[in-house]
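Worksheet: the structure to be examined is printed underneath.
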Amino acid sequence: MGKIAESDFRFMKEALELAKVAAAEGETPVGAVLVNDAAIIGRGYNQVERERDPTAHAEMIALRQGARSGVDWRLPGATLYVTIEPCLMCASALLLARVTRLVYGARDLRWGAVGSLFDLSHDPRINRDIEVIPGVMAEQAAELLQSFFQTLRRDAREVEGG
């Protein structure tokens, strides 16, 4: 595991703001920011429901933007900031894009693929690693998710009982 940098908090705050946008749109509140050379080159938040697309995760959207921002789709030297630990699909995309560093907030015990359920970031069968910095602003990210799902459950009960 790597060291937390001062800028990690600044970019994670940006990811948390994007997660709030997702929640306001009825999406699972996950936000992601892709940074290269201290500049944001990609932003994303979950849009699975709106786009009716199971690949429309925050990380995938940020990676697509970042890949189109430069000369090449490869992103060596880039850091992805995301509010929750990436799933298998997103962790695989990070490896394929050659992202160097991942900073995430809350762990995902159900789907997490960079340490919780799986660890693609350091799998010896894969020819590259990703430096992973877990737990940056984890409480804020977890609170967004918990609040969102509590509201969904409450609303579902009101519809059933109403």
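Sequential numbering from 1 along the given sequence is applied to the chain's residues.
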E27 side chain to Y45 main-chain N or O, any donor-acceptor pair under 3.5 Å?
no

Are the side chain of S147 and the backbone N or O of E143 linked by a donor-acceptor pair below 3.5 Å?
no

Give the minimum heavy-atom separation between V114 and A91, together with the two atoms involved.
CG1-CB, 4.0 Å

Report yes or no: does E59 contribute a side-chain atom to a donor-acceptor pair with the main-chain N or O of C90 at less than 3.5 Å?
no

Basic-acidic side-chain contact under 4.0 Å: E25, R50
yes

If you look at every heavy atom in L94 and P86, which pair is closest and at what distance?
CD1-CG, 4.2 Å

Is a donor on one side and an acceptor on the other found under 3.5 Å between the side chain of T83 and the backbone of G31?
yes

Counting only N and O atoms by type, is there a donor-acceptor contact under 3.5 Å from the side chain of T100 to the main-chain atoms of G77?
yes

Are the side chain of Q65 and the backbone N or O of G44 linked by a donor-acceptor pair below 3.5 Å?
no

Report yes or no: do Q150 and R153 form a side-chain donor-acceptor pair below 3.5 Å?
no

Donor-acceptor contact below 3.5 Å, side chain N46 vs main chain V48:
no

Is there a donor-acceptor pair closer than 3.5 Å between any side-chain N or O of R98 and the backbone N or O of L96?
yes

Hey, does T55 have a side-chain heavy atom less than 4.5 Å from the side chain of M89?
yes

